[in-house]
Each structure stands twice: as structure tokens, then as C-alpha cells.
Amino acid sequence: MKTIIKNTVILFVITLVAGLGLGFVYNVTSKARAEQEEKTKLSAYQSVMPGMKEFENVKPDSACTEFIQNKIKEDESANNISPIKSFNATVDEVVLAKDKDGKDLGYIVTVTDNEAYDGSLQMTVGIKTDGTVLGISFLSLSETPGLGMKVDEDSFKSQFQNKKVDFFVYEKNGASADNEINAVSSATITTNAVTHGVNAAIYCVEYITGGGR
């Protein structure tokens, strides 16, 4: 009995010390992690909104989410689009980007899409005040190397650049229309997730600027 008690106490102390140690390390590194995340976000902002010098936060109201979901459903129904996964994306953050003179450049929308092959991906989308998509940048992406990760290559991302369309759709047999993009071969699920994410950002900006109200 004494041996059991002794071993239990020793195990408890080891667990306690290990827990305290992990907590200490987490607290020490949390500031550095937060700073790095902020740098990554600002870098993404600047890549999708050239000329941005400052920005201000914009908070869409609760009706914006419903508007985005309804627009996605309407588009897919009207155009006989059958996505490999149903729309499941959320808008995390929206900022209004401004140039050095304080002039509005457009909106940067951060979207998390939960349809990715690995579960979810997070991206920023830059959209001018007139609705033109300037580009996309990934904040979080952990798809299959050589397959889904190809969506982070310029050859794929550039398909969204400088496009003013109502919505995007992917094609597996070659894009021909302005709103069509070529799907990544053998990574249709990831392509679908990115496309839905960009469309969510487009409709979010449409709602904010008054088109969806």
C-alpha cells in the first residue's frame, strides 16, 4: 500500500511540474506567436490590396451571413452547379483598406472555408470598391502536398486576379468564361473550397456596399 501511495504521489508531482512547465512556455511564447500572426496577416493584406497604407475594421451585421448563403444557393441553382461539397464558409474579418492619402481602395475579407480536404482553410480576398477581385492569399492551408497545396501556386491564384464577376465557378475541362477557373487536377475538393471562399467574400462586399441590402 505504501508503495502504491508513494508512486501515486511521484506521478502526481511529475504531472504537475510538466503541466506548469508547459503553461510557462505557452505564456512566454504567446506574445511572439501573436506578433508573427499579425505580421502574416498584414503581409497577406498588402499582397491582395496593393498600395494599402492603413485600414479600418468593418463589422457586417448578422444579416450579411444569410445574404451570402442565399446568394450562393441562388447561383448554383440557376446555373445547374452541383458542388462536390455544399457551401460551408464563414467571414472572419473585414477591413476597409486606404491609401497613403486616406482614400478608400477596397475591402479585404478574411474567410474560413470548412470544405477543404484537410478540414478547413483560411484566406484573405482583396476586392476593390467597384467589386473587382484583386487577388487571394492564404493564411492557413494544409492540404495534400503536390495536390491540394497547388492552390497556393501563382498559376492557380492568378486566375482570380483583376476579375470583376458576379461569382466564380471552377471547370475541370478547361475554363472559357471570365468567371471560370481551371480546377487543380485531382484536387477538386480544395478547388471547390477556395471558389466558395472567394464567392463568400464577393457577396460580403456586395452586402456592405449596399447591393445586398
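Just so you know, residue 1 is the first one in the sequence shown, and it goes up from there.
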What residues form a salt bridge (charged side-chain N to carboxylate O under 4.0 Å, His left out) with Asp99, not counting sequence neighbours? none
Minimal heavy-atom distance between Ile72 and Phe87, with the atoms involved, is CG2-CB, 3.8 Å
Shortest non-hydrogen pair, Val111 vs Ala200, comes out as CG1-CB, 4.5 Å
Taking only residues two or more places apart in sequence or in another chain, which ones pass side-chain contact (heavy atoms from CB on, under 4.5 Å) with Thr40? Gln36, Leu139
Any donor-acceptor pair under 3.5 Å from Asn192 side chain to Pro83 backbone: no
Side-chain contact, heavy-atom cut-off 4.5 Å: Thr209 with Thr129? no
Between Asn162 and Leu134, does a side chain to side chain contact (heavy atoms under 4.5 Å, CB included) hold up when you go through it step by step? CA-CA 5 Å; Asn162 301 313; Leu134 294 177; 3.7 Å; yes
When rounded to the nearest 0.5 angstrom, what is the spacing between NZ in Lys73 and OG in Ser86? 9.0 Å
Tyr207 vs Val91 side-chain heavy atoms within contact, under 4.5 Å: no
Taking only residues at least two apart or on different chains, which pairs with a member in residues 159-171 satisfy salt bridge (charged side-chain N to carboxylate O under 4.0 Å, His left out)? none
Under 4.5 Å between side-chain heavy atoms, hopping through other hydrophobics if needed: is there a path connecting Ile84 to Met149? yes
Minimum heavy-atom distance between Ile108 and Ala97, given as atom pair plus value: CD1-CB, 4.2 Å
Keeping the roles fixed (side chain from Glu115, backbone from Asn88), state whether a donor-acceptor pair exists under 3.5 Å. yes
Are any of the side-chain heavy atoms of His196 and Lys85 separated by less than 4.5 Å? no
Crowding at CG, Asp154 (>12 non-hydrogen neighbours, <6.0 Å): no
Can a donor-acceptor pair be found, under 3.5 Å and without considering hydrogens, that links the side chain of Glu143 to the backbone of Asp118? yes
Could you tell me the separation between the CE atom of Met49 and the OG atom of Ser137, rounded to the nearest 0.5 Å? 12.5 Å
Does one hydrophobic cluster hold both Val95 and Val58, with members joined at side-chain heavy-atom distances below 4.5 Å? no
Is it true that Phe167 and Ile202 fall in one hydrophobic cluster, defined by side-chain heavy atoms closer than 4.5 Å? yes
Would a single hydrophobic cluster contain both Ile127 and Val48, if residues Ile, Leu, Val, Met, Phe, Trp and Tyr are joined by side-chain heavy-atom contacts under 4.5 Å? no
Which residue pairs satisfy the ring-ring contact (aromatic ring centres under 6.0 Å, His included) criterion with at least one member in residues 119-161, sequence neighbours excluded? Phe156-Phe160, Phe160-Phe168
Between Leu147 and Ser185, which heavy-atom pair has the shortest distance, and what is it? CD2-O, 4.2 Å
Side chains of Val194 and Ile136: does their closest heavy-atom pair fall under 4.5 Å? yes
So among Asp113, Val151, Ile81, Ile181, which one has a side-chain contact (heavy atoms from CB on, under 4.5 Å) with Thr195? Ile181
Once you round to the nearest 0.5 Å, how far does SG of Cys64 lie from NZ of Lys59? 10.5 Å
Of Asp92, Thr90, Thr110, the one forming a side-chain hydrogen bond (donor to acceptor under 3.5 Å, both in side chains) with Gln122 is Asp92
The criterion is salt bridge (charged side-chain N to carboxylate O under 4.0 Å, His left out); which residues satisfy it with Lys128, sequence neighbours excluded? none
Ring pair (Phe, Tyr, Trp, His ring centres under 6.0 Å) partners for Phe55, two or more places apart: Tyr45
Grouping I, L, V, M, F, W and Y whenever their side-chain heavy atoms are under 4.5 Å apart, do Ile68 and Val94 come out in a common cluster? yes
Heavy-atom closest pair, residues Ala116 and Ala193: N-CB, 3.8 Å
With rounding to the nearest 0.5 Å, note down the distance linking OG1 in Thr191 to CG in Asn182. 9.5 Å
Using a 6.0 Å cut-off, check whether atom CG of Asn79 has over 12 heavy atoms from anything other than its own residue. yes
For Lys172 versus Ala183, what's the shortest heavy-atom pair and its separation? CG-CB, 4.2 Å
At what distance, to the nearest 0.5 angstrom, does OG1 of Thr124 lie from NZ of Lys41? 10.5 Å
Working to the nearest 0.5 Å, report the span between CE of Met52 and CD of Glu54. 9.0 Å
